[in-house]
There are 2 protein chains.
Amino acid sequence: MGRLQTFDSTTVVQSARDVFWDLGYDGASLADLEAATGVNRSSLYHAFGSKRGLFDAAVADYRDTVIRPRLRGLQADGAGRPELIAYFDELREAVGRLPLDSPRRGCLLVNCATGLASHDEPAREVVEAYRTDLASALRHALAGAALAAADDRSDRTDERVRTLASLSMSAMLLARVNAAESAALLTTAADQVRAWFPAPPPATR
Amino acid sequence: MGRLQTFDSTTVVQSARDVFWDLGYDGASLADLEAATGVNRSSLYHAFGSKRGLFDAAVADYRDTVIRPRLRGLQADGAGRPELIAYFDELREAVGRLPLDSPRRGCLLVNCATGLASHDEPAREVVEAYRTDLASALRHALAGAALAAADDRSDRTDERVRTLASLSMSAMLLARVNAAESAALLTTAADQVRAWFPAPPPATR
DNA sequence: GTTATAGTGAAACGAACGGTACAGAACATT
DNA sequence: AATGTTCTGTACCGTTCGTTTCACTATAAC
């Protein structure tokens with residue numbers, strides 16, 4: 001039928017995603033996106049329609065390749081105390097591992113919350129969906145942990161979900177401002193989980 | 001010596017502050033600032049030197065007129081449980097009172113955390129100073145509350161400071177995304193304080 | 001090989017940006 | 001009233017923005 005696309009859409013979207021992650025939607029210029037992807041703007045427009053179209057593709061990729069794997073442990077059947085602790089430990093490790101000038105510091109969607117999402121309804125909905133997903137995953141694992149521990153404070157579940165979601169989001173918010181404090185917030189979250197649910201006896205065989 | 005300034009600098013700075021609060025530093029154009037302040041750009045440049053100079057003045061005003069009054073109760077001598085609860089109640093009331101499209105939703109400096117502060121060192125320092133001020137004020141009031149309650153969990157102070165600061169910042173982050181959840185986070189913060197410290201007996205005479 | 005289709009690159013579009021130059025208006029000083 | 005300084009409005013500066021146009025090239029189908 002005609003000439004085939006010479007670039008790989010996935011890698012282009014991921015390169016663009018990192019630019020948006022770093023600079024935000026408004027802050028990322030077409031020149032930045034051309035440089036990062038190695039693709040001319042006319043080809044980007046041909047493939048994605050507009051800057052916004054490319055951004056939407058980048059957000060979709062972010063949800064699929066960054067957020068979803070992170071929450072998977074919490075969402076698994078039988079998830080509970082260990083999965084909660086692992087979630088916060090892994091997130092803290094990721095925050096600490098990145099160099100201070102990494103474009104990937106923080107969370108693309110948390111960054112959107114005070115940017116695009118303030119005055120753009122579709123963007124607001126994406127951020128809200130992220131928050132809901134996070135809260136649901138935490139709630140699921142908290143319920144599992146309470147069940148395993150025969151915890152009698154399940155009336156506190158809403159409080160605990162909000163506390164842990166809060167610590168996660170604040171840590172992402174602070175990732176570029178104070179990386180040490182960002183990590184400390186995630187440590188605090190894991191410590192809270194440990195305090196709420198008694199440590200199980202060490203496994204024997 | 002010559003003609004006097006015909007506008008009031010304070011009101012101009014506060015008008016500009018609300019524009020930056022709503023749109024962010026990059027999002028606010030000179031045309032927006034002219035319209036909101038009623039002052040021509042040449043006068044703004046004469047008085048403030050640059051867009052950034054006006055922004056810095058707006059941030060200084062924000063710290064003086066918005067943040068400082070909010071934290072004053074927490075910082076007072078003898079502040080404790082009631083001041084902590086009042087802080088979160090008042091903040092929640094402020095979040096709920098504003099219309100959804102108010103330019104003042106959320107926190108100017110929290111908004112900066114993912115914007116300017118990501119790549120501008122002076123802005124980063126201002127946001128970090130805000131965070132340390134908030135944490136210090138919470139710590140002071142938490143210490144007072146622990147003292148009054150003869151609380152034996154003072155080893156948990158760091159955790160509690162981080163939890164409450166986290167809930168405050170997350171609430172500001174979510175103010176434009178989900179006002180109800182933003183208020184719920186602040187309610188949760190007040191509930192945490194109530195749970196940590198036993199309610200004092202009702203005052204008698 | 002011809003043809004139709006589709007990706008690519010350079011150049012340029014109008015709009016909006018932050019910032020400035022300058023003439024003139026306004027006021028304190030003399 | 002004359003003078004000198006400062007504030008203000010218009011108009012424009014060069015730059016950058018997202019987007020589009022168009023000629024060109026490459027390739028699949030025939």
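A, B, ... follow the sequence lines: proteins, then strands. Residue 1 opens every chain.
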Checklist outcome for this item: Contacts of A:R70 meeting side-chain contact (heavy atoms from CB on, under 4.5 Å) (sequence neighbours excluded), chain-then-number -> A:Y87, A:E90, A:L91, A:A94

Checklist entry - Quick one: A:L44 CG to C:dA10 P, roughly how many Å, whole number? => result 14 Å

Checklist entry - Is there any salt bridge (Lys or Arg N to Asp or Glu O under 4.0 Å) pair reaching into residues 164-183 of chain B, and which pairs are they, with sequence neighbours excluded? => result A:R131-B:E181, A:R162-B:E181, B:D22-B:R176

Checklist outcome for this item: Reading nucleotides 12-19 of chain D from 5' to 3' and marking B where a protein heavy atom lies under 4.0 Å of the base, S where only the sugar-phosphate is that close, and - otherwise, the string is -----SBB

Item to check | Residues in contact with DNA chain C, drawn from residues 13-21 of chain B - heavy-atom cutoff 4.0 Å | outcome: none

Next on the checklist: For A:C112, give me all partners under side-chain contact (heavy atoms from CB on, under 4.5 Å), at least two apart in sequence or on another chain.
Outcome noted: A:F55, A:V127

Item to check | Test salt bridge (charged side-chain N to carboxylate O under 4.0 Å, His left out) applied to A:R81 - qualifying residues, sequence neighbours left out | outcome: none

Checklist outcome for this item: Residues passing the side-chain contact (heavy atoms from CB on, under 4.5 Å) test with B:T11, sequence neighbours excluded, are B:D8

Next on the checklist: Once side-chain contact (heavy atoms from CB on, under 4.5 Å) is applied, do any residues pair with B:S136, and if so which ones, sequence neighbours excluded?
Outcome noted: none

Item to check | Length of the line joining B:N40:CG and C:dT20:P, which is rounded to integer Å | outcome: 14 Å

Next on the checklist: Please report the distance, rounded to the nearest Å, between CZ in B:F48 and P in C:dG19.
Outcome noted: 14 Å

Item to check | OP1 or OP2 of D:dT8 under 4.0 Å from side-chain N/O of B:T6 | outcome: yes

Checklist entry - Counting just side-chain N and O atoms, does B:S42 come under 4.0 Å of either OP1 or OP2 of D:dG9? => result no

Item to check | Gap between atoms CD and C1', on B:E34 and D:dT8 respectively (whole Å) | outcome: 11 Å

Checklist outcome for this item: Residues at least two apart in sequence or cross-chain that pass salt bridge (charged side-chain N to carboxylate O under 4.0 Å, His left out) with B:R160, listed by chain then number, are B:D151

Next on the checklist: Quick one, B:R156 with A:D191, criterion salt bridge (Lys or Arg N to Asp or Glu O under 4.0 Å). Give me CA distance, side-chain angles, the key distance, then yes/no.
Outcome noted: CA-CA 10 Å; B:R156 285 268 166 98; A:D191 288 344; over 6 Å; no

